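Heads up: the structure comes next, in structure tokens.
Note that these values count all heavy atoms, side chains included, but never hydrogens, waters or copies made by symmetry. Note that the structure is a prediction, hence the values are computed from the model and not measured. Just so we're on the same page: letters track the sequence lines, and every chain starts at 1.
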There are 2 protein chains.
Amino acid sequence: MTEKQILEKSLVLFNQKGYAQVGMRELARELSISPGNLTYYFKKKEDVLSALLKQFSSHNTQLYQTFQNVKPTNANFLRLTRSIFENQYAYRGVYIGNQFVQKAITENNLFEYEEVVIRRKDAYSDIFRLLENSGHLKLKGDDVSFLVAYMTLFGRFWITEATLFNKVPKSDEVISHYIHLLAKQLSLFSTNVGLISIEEFLKVDGS
Amino acid sequence: MTEKQILEKSLVLFNQKGYAQVGMRELARELSISPGNLTYYFKKKEDVLSALLKQFSSHNTQLYQTFQNVKPTNANFLRLTRSIFENQYAYRGVYIGNQFVQKAITENNLFEYEEVVIRRKDAYSDIFRLLENSGHLKLKGDDVSFLVAYMTLFGRFWITEATLFNKVPKSDEVISHYIHLLAKQLSLFSTNVGLISIEEFLKVDGS
DNA sequence: CAAAAAAATAGTACGTTGTACTATATTGTG
DNA sequence: CACAATATAGTACAACGTACTATTTTTTTG
């Protein structure tokens, strides 16, 4: 048995039933090992959550960095967001049970987590500035802070909303729906060039 | 001991520590009754949650209805939203622990809850149409469905975002912040009359 | 290769949780 | 007063997270 196998199975179960509904004994049974053996790899259930969140987070930061290597267009921004959404979808089981995440934060590693959020806000700030400089967005006054706030909330809770009613939402349909909403929001701040870029994205990538 | 007293104390504790972190024994102790007596009023912990959600929901629908009796202006819409936000803030302890809500939904009263969401969407649809007719908003194409989707997600998860990092967010500050974001969003679809109405609201009511 | 050390696995047990059940006390009612 | 209804308390049980110990397997080392 490896940690990797345990995390994989955990994620599947968390996605299926939710973090709170998956017990350590059940997880051990699914892995065909004893509960005692499971605690050898992860002393606490919360440690499984933390490890998965770490995986998720590192994959996410990787995705953000890819935007540095592409042309700063609205279409590429939407592509970036969609890949991030796909990642969130993959980890929805650990992402949604947020009061456990909250508890973990307040008790253990608050600072690290808050740091991630601040970094993400900065990243969005940079991205919107880039899109402005490339002539895709026209931003004035508090437009940037508004868009950053929008992305922070929308980009975090779309998956929660989606799973709140559809126990097993279809990945493509759901993501497509929320990406379209984002595209609309973006269009409200777009130049003509930006609008064309959005339309191009929706034609090629939007289902 | 009355149900009312139990619900009041529950809400305080849920707001302070979160639904999952408050046990039935602790709740009984705080009420100076025995655990057995507590289960006489609420057989299951989930029943306490349900009762509180019912209170919250009925208060909310009441608030929505008040909009029928006022002039359909952007300012009044923002006032309505703020009173709704205040209600959500008051019940944040039951509102945030959403995977328990989710569990309750999937197991028991899915339909009822889904119905509430649909009704709320219709209500927003009506409100935006009213604001259009009164010359405060100019809406075309998929603007209405976009705004409805925006209000649904934003109006549901702002409090979750707020409490995720500030364990005890100050009511006024937090609500004011999110209302300002909504005002900005609204202004993107506003006529001149609508913009003036928003500015008037922010001057009078925005802190 | 054999012995020692390390890593992995299993089993048991403890405290806490939600909650079902029963017994006792209080209140209301004819 | 007597009896029913309501309210309160106490106990107990299954499930949970998890700490602890014992056993087996694997790796390292002389």
| field | Qualifying residues under ring pair (Phe, Tyr, Trp, His ring centres under 6.0 Å), relative to B:Y91, sequence neighbours excluded | value | B:F56

| task | List for me each residue that meets ring pair (Phe, Tyr, Trp, His ring centres under 6.0 Å) alongside B:Y89, sequence neighbours excluded, and say none if there are none. | result | none

Given atom [atom1] of [X] and atom [atom2] of [N], what is their separation to the nearest angstrom?
{"X": "B:M1", "N": "C:dT27", "atom1": "CE", "atom2": "P", "value": "14 Å"}
{"X": "B:E46", "N": "C:dT17", "atom1": "CD", "atom2": "C1'", "value": "15 Å"}
{"X": "B:R25", "N": "C:dA20", "atom1": "CZ", "atom2": "C1'", "value": "12 Å"}
{"X": "A:L38", "N": "C:dT9", "atom1": "CG", "atom2": "C1'", "value": "12 Å"}
{"X": "B:Y40", "N": "C:dA20", "atom1": "OH", "atom2": "C1'", "value": "16 Å"}

With sequence neighbours excluded, what pairs up with [X] under the side-chain contact (heavy atoms from CB on, under 4.5 Å) test?
{"X": "A:D126", "answer": "none"}
{"X": "A:V12", "answer": "A:Q16"}
{"X": "B:K54", "answer": "none"}
{"X": "B:E199", "answer": "none"}

| task | Identify whether any heavy atom of A:V48 sits under 4.0 Å from a base atom; if not, whether one sits that close to sugar-phosphate; answer base, sugar-phosphate or nothing. | result | nothing

| query | Nucleotide range of DNA chain D contacted by chain B, 5' to 3', under 4.0 Å to a heavy atom? | reply | D:dT6 to D:dA12

| message | Once salt bridge (Lys or Arg N to Asp or Glu O under 4.0 Å) is applied, do any residues pair with A:K121, and if so which ones, sequence neighbours excluded? | response | none

Between side-chain atoms of residues 140-148 of chain B and protein atoms elsewhere (two or more places apart, or another chain), which donor-acceptor pairs fall under 3.5 Å?
{"unit_1": "B:D142", "atom_1": "OD1", "unit_2": "A:K184", "atom_2": "NZ", "d": "2.9"}
{"unit_1": "B:D143", "atom_1": "OD1", "unit_2": "A:K184", "atom_2": "NZ", "d": "2.4"}
{"unit_1": "B:D143", "atom_1": "OD2", "unit_2": "B:K140", "atom_2": "N", "d": "3.0"}
{"unit_1": "B:S145", "atom_1": "OG", "unit_2": "B:D142", "atom_2": "O", "d": "3.0"}

| said: Any residue in residues 26-37 of chain A with a heavy atom nearer than 4.0 angstrom to DNA chain C? Just list them by number, or reply none. | reply: A:I33, A:S34, A:G36, A:N37

| task | Identify whether the distance between the nearest side-chain nitrogen and carboxylate oxygen of A:R129 and A:E132 falls below 4.0 Å. | result | yes

| Presence of B:K45 side-chain N/O under 4.0 Å of C:dG18 phosphate oxygens OP1/OP2 | yes

| Which residue pairs pass the side-chain hydrogen bond (donor to acceptor under 3.5 Å, both in side chains) test when at least one of the two sits in residues 36-45 of chain A, sequence neighbours left out? | none

| message | So that I can compare with my own list, what are the stems of DNA chain C, taken as at least three consecutive Watson-Crick or G-U pairs with distances under 3.5 Å? | response | C:1-30 with D:1-30

| message | For B:F67, does the six-membered ring have the charged nitrogen or CZ of B:R79 within the cation-pi criterion, i.e. under 6.0 angstrom from the centroid and within 45° of the normal? | response | no

